[in-house]
Number of protein chains: 4
Amino acid sequence: MSGINKVILVGHLGKDPEIRHLEGNVTVASFPLATSEMYNKDGRRVEQTEWHNIVMWRGLAEVAAKYLFKGKLVYVEGKLRTRTYEDKGGVRRYTTEVVADNFTLLGRKSDFENPVNATDDPAAKKVDDANSEPEVDFKENDGEEDSLF
Amino acid sequence: MSGINKVILVGHLGKDPEIRHLEGNVTVASFPLATSEMYNKDGRRVEQTEWHNIVMWRGLAEVAAKYLFKGKLVYVEGKLRTRTYEDKGGVRRYTTEVVADNFTLLGRKSDFENPVNATDDPAAKKVDDANSEPEVDFKENDGEEDSLF
Amino acid sequence: MSGINKVILVGHLGKDPEIRHLEGNVTVASFPLATSEMYNKDGRRVEQTEWHNIVMWRGLAEVAAKYLFKGKLVYVEGKLRTRTYEDKGGVRRYTTEVVADNFTLLGRKSDFENPVNATDDPAAKKVDDANSEPEVDFKENDGEEDSLF
Amino acid sequence: MSGINKVILVGHLGKDPEIRHLEGNVTVASFPLATSEMYNKDGRRVEQTEWHNIVMWRGLAEVAAKYLFKGKLVYVEGKLRTRTYEDKGGVRRYTTEVVADNFTLLGRKSDFENPVNATDDPAAKKVDDANSEPEVDFKENDGEEDSLF
DNA sequence: TTTT
DNA sequence: TTTT
C-alpha cells in the first residue's frame with residue numbers, strides 16, 4: 001500500500017536550469033546535478049561523480065529559475081520517478097528523474113546573500129505573494145500535471 | 001544560513017496519541033514512538049529500543065487522532081526541536097522532540113483497512129474537506145504556533 | 001567535491017531477488033521494488049506505483065537471498081547510480097538503479113520470524129560468522145567491484 | 001521489531017569538537033551543531049536556529065578531531081539517542097544526542113583542500129592506514145562502548 | 001511505553 | 001512485477 005520514495009542529494013548544478021512553460025501556466029525547471037564521492041582505489045584517491053536529472057514543478061520551478069545556477073551547491077529532496085518515452089527511432093526508452101519537493105541553497109558565503117529554502121507544496125492552491133520573501137517557505141500547487149512532462 | 005534538520009523514523013507507537021486543543025482551534029497530538037534495533041553483544045542477540053517524543057500539529061494532529069494508535073507501525077518524517085521549560089522546582093530543563101511533517105502507516109494487513117499518508121503543510125490555509133478522503137494528502141497550516149507548545 | 005547521494009525507500013518486492021555470482025566470489029542480488037502512493041484526483045482515490053531497480057552486493061546480496069522474497073515489505077537505504085550499456089542493437093542506453101547500503105525487513109508478523117537488519121559495509125574484509133546471528137548487523141566488503149555489474 | 005532511527009543534518013559547528021579519550025583507547029568527539037531555518041513571521045524574515053548535540057565515536061571521532069572546526073559547514077548522518085544521567089543535585093535528567101554514523105564536509109572552497117567523507121563503521125575491527133587517505137572512506141569499530149558515554 |  |  002502506501003510506501004516511501006525519498007531522495008536526498010547534495011551536489012552542484014552542472015548547468016543553469018532549463019525553464020519550460022507548459023499550458024495552464026505551469027512552469028517546469030530541469031537541470032543536471034552532480035554528486036561526487038571520493039574513495040580509494042589501489043591506494044590512489046579517485047573521484048566518482050554521479051549525475052542526476054532534477055525536475056522541479058510550478059512554484060518551485062520559478063524559485064529555481066531565480067536562485068539556482070550552474071555551479072551552485074544545493075540540497076535537494078524529492079522522489080524518484082521513472083518515465084517512459086519513445087526516442088526518434090520509435091523505441092521505448094526509460095529515464096529516471098528526481099522530482100524535487102524542496103531545495104535549500106548551501107555553500108559559499110556569496111550564495112547566502114539570497115538564501116533560499118523552497119518547497120513544492122502539493123496542497124496550496126496559490127502562492128502567497130503578499131507577505132514578501134517569496135523565496136522562503138515557498139509553496140505551490142502540485143498534482144496531476146506531474147505526468148504532463 | 002539555511003540548514004537541514006531532518007528525522008526519519010519507522011517504529012511503533014508506545015501509547016495512543018494524546019490530543020490537546022489549544023486556543024485558536026489548534027490541535028496538537030503527541031505520543032512516544034519506539035524504534036528498536038537488534039545487535040549482537042558477546043554472541044547474544046540484544047534488542048535496544050530508543051524512545052522518541054513525537055509531536056504533530058493542526059491538521060496532521062487531527063489525522064493522527066483518527067488513525068494512529070498504540071502498537072501501530074508508522075513512518076514519521078520531521079525535524080528535531082529542543083525546547084526549554086521549567087520543572088515544578090523551577091529548574092530549567094530541556095526536552096527534545098520530533099516535530100512531524102508527515103507520516104505514513106505501515107505494517108499489518110489490518111492497518112491497511114484505513115491506509116494513511118498524511119502531511120503537515122506549512123502553506124495551505126485551509127484543509128479541503130470537499131473531495132473526500134481527508135486522510136490522504138492531507139494538508140494544513142503550520143507556522144508560529146509551533147512555539148505555543 | 002564531496003556530495004550526498006542518498007535514497008530511502010519503503011516498498012514491496014515485485015519478485016524474488018535474482019542472484020548472480022560473479023568472478024572472485026562476488027554475489028549480486030537485484031530485484032524490483034514497488035513504492036505506492038495514494039492521492040486524490042478529481043475526488044477519486046488513485047494509486048500510483050513507482051518501480052525501482054534495487055541492487056545489492058556481496059554479503060548484503062547473500063542476506064537478501066536468504067530473507068527477501070516477492071511481496072515482502074522492506075526499508076532500503078542506498079544511493080542512485082546510472083550506468084550505461086549497449087542494447088542488442090548496439091545503441092547506448094541508460095538505466096538508473098538504487099545500490100543498497102542496508103535494508104530492514106518491515107511488515108507482517110510472519111516476516112518477523114526471521115527479522116533482518118542488514119548492512120553493506122565498504123570496510124570489513126570478511127563477515128564474522130563466529131558469533132551467530134549472521135543476518136543481524138551483517139557487514140561485508142564493498143568497493144571497486146561495484147562497477148563490474 | 002527492527003525499526004529505523006535516522007537523522008540527517010546540514011549545519012555549522014558552534015564550537016571545535018571536544019575530544020575525550022576513554023579507557024580501551026576509545027575516542028569520543030562531541031560538539032554542538034546549528035541548523036538554521038528562515039521563515040516569514042508577520043511579513044518579516046525570521047531565522048530560527050536549532051542546536052544539536054553531536055557525538056562521534058572511535059575512528060570517526062579521530063577524523064572529526066582533524067577536520068571539524070567551529071564554523072565549518074557539515075552534513076551529518078546518525079541516529080537519535082536519549083540517555084539519562086543524574087545532575088549534581090541527584091535529579092534524573094535526560095539529554096538527546098545525535099550519534100553520528102558518518103559526516104561529509106561541505107561548503108567554502110577552502111574547506112575542500114581537505115575534503116572529508118567519513119564513516120563510523122560498526123563492523124571493521126581496525127582502520128586500514130596502509131593505503132593512504134585515512135580521511136576518506138574511513139571505517140572503525142563500533143559497538144557496546146556506545147553506552148560508555 | 002511499542003514490536004518481534 | 002508488489003501491496004491494500
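Computation of the quantities below employed the complete heavy-atom set of this structure, encompassing side-chain atoms and omitting hydrogens, waters and symmetry-equivalent molecules. Chain identifiers are assigned alphabetically (A, B, ...) following the order of the sequence lines, protein sequences preceding nucleic acid strands; residue numbering begins at 1 within each chain.
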Applying side-chain hydrogen bond (donor to acceptor under 3.5 Å, both in side chains) to C:Thr49 and not counting sequence neighbours gives C:Ser36
Dot-bracket notation for DNA chain F is requested: 5' to 3', Watson-Crick or G-U wobble pairs only, both distances under 3.5 Å, with ( ), [ ], | and . as defined.
....
How about A:Thr84 and A:Arg92: does a side-chain donor come under 3.5 Å of a side-chain acceptor?
yes
Could you tell me the separation between the [atom1] atom of [X] and the [atom2] atom of [N], rounded to a whole number of Å?
X: B:Lys70; N: E:dT2; atom1: NZ; atom2: P; value: 5 Å
X: C:Tyr75; N: E:dT4; atom1: OH; atom2: P; value: 21 Å
X: C:Leu106; N: F:dT2; atom1: CG; atom2: P; value: 19 Å
X: B:Glu50; N: E:dT2; atom1: CD; atom2: P; value: 16 Å
X: B:Leu9; N: E:dT2; atom1: CG; atom2: C1'; value: 13 Å
X: D:Tyr94; N: E:dT1; atom1: OH; atom2: C1'; value: 12 Å
X: C:Ile54; N: F:dT1; atom1: CD1; atom2: C1'; value: 13 Å
X: B:Asp16; N: E:dT1; atom1: CG; atom2: P; value: 14 Å

Kindly indicate whether the side chain of C:Thr27, heavy atoms from C-beta on, has any atom under 4.5 Å from the side chain of C:Trp57.
no
E:dT2 base stacked by B:Trp51 (centroids within less than 5.5 Å, tilt under 30°):
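Stacking is absent between E:dT2 and B:Trp51, given that the ring centres and planes do not meet under 5.5 Å and under 30°.
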Closest to the [X] side chain: [options]?
X: C:Glu47; options: F:dT1, F:dT3, E:dT2; answer: F:dT3
X: C:Lys15; options: E:dT2, F:dT1, F:dT3; answer: F:dT1
X: C:Pro32; options: F:dT1, E:dT2, F:dT3; answer: F:dT1

Minimal non-hydrogen separation, C:Val63 against C:Ala118, with atom names:
CG1-CB, 3.9 Å
Suppose we screen for side-chain contact (heavy atoms from CB on, under 4.5 Å). Which residues come up paired with C:Gln48, at least two apart in sequence or across chains?
C:Tyr39
Considering residues at least two apart in sequence or located in another chain, which fulfil the side-chain contact (heavy atoms from CB on, under 4.5 Å) criterion with B:Thr82?
B:Tyr94, B:Thr96, D:Glu50
Walk me through whether C:His52 and A:Asn5 qualify under side-chain contact (heavy atoms from CB on, under 4.5 Å).
CA-CA 9 Å; C:His52 311 272; A:Asn5 173 0; 3.7 Å; yes
